[in-house]
Amino acid sequence: MEIQTSTATSWTWADQISSYRFWGLAFFFIFLLVPSMIVNNSITIFSREYGMSGTQIGAIFSFKAFSGFFGIWLAWFLTRLKNHYLLFLYAGIVLSGLGLIYMMPSVISFTIGFFLIGLGFGAIALAIPAIISGGRGGSEMFIVSFGLISFFESLSWVGFSSLFGSLIDIYSTVQGCMSVGMVSAVAGILFLLPVKSDLFYQAPPERNFSLTPTSREPATVALLGFIPIYNVYHMLNLTYRFHGEVNTLNPSRNLLSPRAAVWCSLLLFILSPIIIASVNTTLVSKLKENGATDYHKNWSVILWSFILLPVSFAFIQSNMNQLLTQQAGNEVEQAYNNV
């Protein structure tokens, strides 16, 4: 397996999230998370079907958690070889563990199966953020990628527990639960198929997007954000418009494409402060370049994104209006000097 040499070109977090490769890796992770969670929630079934004591079950489940730490070596090996095909191997390790529990119900097979599941998923949980950050996107990209993976994993404990509980009630045998886990793992592998190892060493693709900048009343922008039901459309529409308009005013690879920004707002709402900060940072850099000093700072925009999101949007619109006024004045002055 050939070790590829990475380019010096850096992928920004916006480059990554605007790429289908990111979403393929993310959904691969989510679907491989399902069998891990099903196993974690099937303690009562193991106890009921095989008469295992609480001590035995606790030891087996602890063994699974412990084996996850060894995934660091598999994840490190993948980053060294820079080849995403190893993710198929790690998914296969998880499937092997599920299959072993399914076909050979015994304490020994359970122990080995749980070890394989913990090992494979432990490697995936570390490898996915490492691939997404790629070592070329800087600390911000790693925080975003690892934070998203942690977010998905947290959702599994908080929001998915009832779902897994229902699945376990329906498929109330060890074999039934393992079957659901294997189906989910195979679905995750399908999402991995379009992903290429080029993500390790290829330069990020060009993302050309622009919209005609529009001046709006900041107070109206904020007030419309408080109208029930309509406010969802209003905020998503502004998210789309802001990214295209701000990129027209000051092109930046730290901006998401308008479509990616909307999808992130819908599916990855935890990124909202980061998305808003990137838009305002791009505006502020251009305002500073033009000599402006009176504008809404990033800290205030980020702070209000946690308190009242429409206020942050109003601040961004205010900064955009100021930049549009500056540019209009510069155009008038240039036209006057040409006369």
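The structure displayed is predicted, hence computed values, not measured ones.
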Worksheet entry | Partners meeting ring pair (Phe, Tyr, Trp, His ring centres under 6.0 Å) with Phe191 (sequence neighbours left out) | Phe27, Phe31

Worksheet entry | ILVMFWY network linking Val183 to Leu193, side-chain heavy atoms under 4.5 angstrom | no

Worksheet entry | Leu87 reachable from Leu89 in the ILVMFWY side-chain graph, under 4.5 Å edges | yes

Practice prompt. Mark yes when over 12 heavy atoms from residues, nucleotides or ligands other than Ile307 sit less than 6.0 Å from its CD1; otherwise mark no.
Written response: yes

Item to complete: For Phe28, check ring pair (Phe, Tyr, Trp, His ring centres under 6.0 Å) against everything at least two apart and list the hits.
Response: none

Please tabulate, one pair per line, all N/O donor-acceptor pairs under 3.5 Å involving side-chain atoms of residues 115-124, not counting sequence neighbours.
none

Response to the item:
Heavy-atom closest pair (Thr214 atom, Gln317 atom, distance to 0.1 Å) is O-NE2, 3.2 Å

Worksheet item: In the single-linkage hydrophobic clustering (I, L, V, M, F, W, Y; side-chain heavy atoms under 4.5 Å), do Leu303 and Val311 co-cluster?
Response: yes

Worksheet item: Would you say Lys297 has more than 12 foreign heavy atoms packed within less than 6.0 Å of its NZ?
Response: yes

Fill in: Residue pair Leu238, Ile316: steps toward the side chain to side chain contact (heavy atoms under 4.5 Å, CB included) verdict
CA-CA 10 Å; Leu238 281 181; Ile316 290 174; over 6 Å; no

Practice prompt. Work out which heavy atom in Lys286 is nearest to a heavy atom in Leu323; give both atom names and the distance.
Written response: CG-CD1, 3.6 Å

Response to the item:
Correct closest heavy-atom pair for Leu256 and Cys264 would be CD1-SG, 4.1 Å

Exercise answer: donor-acceptor pairs, residues 222-237 side-chain atoms, under 3.5 Å, sequence neighbours excluded:
unit_1 : atom_1 : unit_2 : atom_2 : d
Asn231 : OD1    : Ile229 : N      : 3.4
Asn231 : ND2    : Gly225 : O      : 3.4
His234 : NE2    : Val221 : O      : 2.9

Worksheet item: Is the side chain of Thr248 donor-acceptor paired with the backbone N or O of Leu211 at a distance under 3.5 Å, no angle test?
Response: yes

Discussion item. Distance check, rounded to the nearest 0.5 Å: Asn290 atom CG versus Gln326 atom CD?
Written reply: 4.5 Å

Worksheet item: Can you pull the salt bridge (charged side-chain N to carboxylate O under 4.0 Å, His left out) pairs that have at least one residue in residues 219-247, sequence neighbours excluded?
Response: Arg216-Glu245, Arg241-Glu245

Discussion item. Quick check: is Phe315 connected to Leu308 through a chain of hydrophobic side chains (ILVMFWY, heavy atoms under 4.5 Å apart)?
Written reply: yes

Kindly list each side-chain donor-acceptor pair under 3.5 angstrom involving residues 276-285, sequence neighbours excluded, with atom names and distances?
unit_1 : atom_1 : unit_2 : atom_2 : d
Ser278 : OG     : Ile275 : O      : 2.6
Asn280 : OD1    : Asn319 : ND2    : 2.7
Asn280 : ND2    : His296 : O      : 3.3
Asn280 : ND2    : Asn298 : OD1    : 2.9
Thr281 : OG1    : Ala277 : O      : 2.6
Thr281 : OG1    : Asn298 : ND2    : 2.6
Thr282 : OG1    : Ser278 : O      : 2.8
Ser285 : OG     : Asn250 : ND2    : 3.0
Ser285 : OG     : Thr281 : O      : 3.4
Ser285 : OG     : Thr282 : O      : 2.8

Worksheet, complete the sentence: For Pro218 and Asn321 the tightest heavy-atom approach is CD-ND2, 3.7 Å

